[in-house]
Amino acid sequence: MSKSKFSKHSIAVSLLMLLCAKFSSFAQDTATLSVIGEVTTPLELKLTELATFKQVSHKVKDRNGKEHVFAGVTLIEILEKAGVTTGAKLRGENLAKYLLISAADGYEVLYSLAEIDPEFTDQVILLATTKDGQPLGNGEGPFRIITPNDKKPARWIREVRSIKVAFAKIR
Ligand SMILES: Nc1nc2c(c(=O)[nH]1)N[C@H]1C(S)=C(S)[C@@H](COP(=O)(O)O)O[C@H]1N2
Ligand SMILES: [Mo]
């Protein structure tokens with residue numbers, strides 16, 4: 001009698017791996033990005049919704065000097081959809097507003113609105129959803145901020161979950 005090429009053990013391992021892959025891609029598809037705080041329209045964005053926004057890409061070097069192409073949507077477009085004070089409205093007290101961006105692992109970074117607004121800067125900050133043509137995986141995605149002009153990538157926050165707009169001053 002010929003023995004099967006596949007042991008019970010290897011079949012079990014393969015099934016488990018398949019299940020894990022399915023589960024993690026499910027987690028990526030259902031993860032949402034919240035845009036909250038000083039906005040007129042709070043947003044809960046899924047990857048599928050972001051795919052309908054204009055797609056922009058950036059070629060950047062990572063901390064090891066390796067080149068990658070990140071693509072996604074511009075942070076300013078998301079802020080405009082949420083009704084944040086940008087463009088002509090970004091003056092006076094609104095210049096004291098900031099974004100606090102939070103990740104799944106508790107990491108947080110801050111940007112001022114003027115750092116993002118095209119009337120103040122030519123730098124285009126990206127909410128990336130792909131890297132070298134692939135969706136951002138676990139530990140990095142589904143959403144990551146890419147800030148091309150920062151000399152080091154410490155504010156390229158991975159696994160972004162929320163963007164909170166707030167006033168830095170006490171009113
Ligand atoms: N969510 C999250 N994003 C993060 C960090 C982190 O600890 N958590 N570390 C930052 C720092 S300090 C660096 S240098 C870069 C490293 O990016 P890499 O993992 O793609 O090399 O990620 C940044 N983004
Ligand atoms: Mo870092």
Side-chain angles (χ1 to χ4, degrees), residues 17 19-39 41-84 86 90 96-118 120-168:
M17 280 167 58
L19 218 67
C20 286
K22 268 264 179 273
F23 184 76
S24 76
S25 86
F26 174 77
Q28 298 282 304
D29 294 346
T30 55
T32 59
L33 167 74
S34 314
V35 186
I36 52 172
E38 296 283 339
V39 299
T41 314
L43 303 175
E44 282 286 338
L45 294 166
K46 286 202 191 72
L47 208 48
T48 48
E49 288 163 279
L50 283 171
T52 68
F53 291 24
K54 190 180 130 210
Q55 303 295 304
V56 174
S57 70
H58 278 322
K59 190 186 273 182
V60 292
K61 283 189 176 144
D62 68 16
R63 60 176 157 179
N64 304 314
K66 194 168 184 279
E67 266 191 0
H68 295 284
V69 177
F70 284 93
V73 302
T74 63
L75 192 50
I76 191 72
E77 187 176 353
I78 294 172
L79 297 183
E80 279 166 1
K81 287 234 159 62
V84 178
T86 58
L90 187 49
K97 283 179 189 164
Y98 63 91
L99 302 188
L100 185 65
I101 308 184
S102 308
D105 62 351
Y107 194 69
E108 293 184 308
V109 298
L110 184 146
Y111 289 89
S112 71
L113 285 187
E115 274 184 289
I116 303 161
D117 194 290
F120 284 84
T121 177
D122 287 331
Q123 147 163 269
V124 176
I125 299 180
L126 217 59
L127 182 85
T129 53
T130 67
K131 180 185 184 177
D132 304 323
Q134 298 298 316
L136 296 174
N138 277 339
E140 187 172 20
F143 318 113
R144 180 177 194 177
I145 292 290
I146 299 296
T147 311
N149 289 3
D150 278 4
K151 284 166 73 181
K152 59 178 178 178
R155 293 199 298 175
W156 295 8
I157 179 169
R158 300 181 297 251
E159 295 186 283
V160 175
R161 290 291 193 268
S162 71
I163 298 176
K164 187 176 153 196
V165 187
F167 266 107

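Only heavy atoms go into these numbers, but all of them, side chains included; no hydrogens, no water, no symmetry mates. All ligand and atom numbering here is 1-based and tracks the order in the structure.
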Looking only at protein heavy atoms, what sits closest to atom 7 (O) of ligand 1 is Y107 CD1, 3.6 Å
**Prompt:** Would you call T147 and Q123 a side-chain contact if the rule is heavy atoms closer than 4.5 Å?
**Reply:** yes
Report yes if the side chains of E49 and K81 come closer than 4.5 Å at any heavy-atom pair, otherwise no. no
of all protein heavy atoms, closest to atom 19 (O) of ligand 1 is R158 NH1, 2.5 Å
Could you tell me if the side chain of L127 sits less than 4.5 Å from the side chain of I145, heavy atoms only?
yes
Output for pair (S162 OG, L99 CG), nearest 0.5 Å, gives 10.5 Å
Note: ligand 1 atoms sitting under 4.0 Å from heavy atoms of A103 are 1 (N)
shortest atom 13 (C) of ligand 1-to-protein heavy-atom contact is with P153 O, 3.7 Å
Does any part of the side chain of L79, heavy atoms only, come nearer than 4.5 Å to the side chain of D117, both counted from C-beta?
no
min-distance protein heavy atom vs atom 17 (O) of ligand 1 -> R144 NH2, 2.9 Å
I'd like to know if R63 contacts ligand 1, where contact means a heavy-atom distance under 4.0 Å to any ligand atom. yes
Would a 4.5 Å heavy-atom cut-off, applied to side chains only, mark F143 and I157 as touching? no
May I ask you to check whether D105 has an N/O atom sitting below 3.5 Å from an N/O atom of ligand 1?
yes
Nearest non-hydrogen protein atom to atom 11 (C) of ligand 1, with distance, is A154 CA, 3.7 Å
Within 4.0 Å of some non-hydrogen atom of W156, the atoms of ligand 1 are 22 (O), 23 (C), 24 (N)
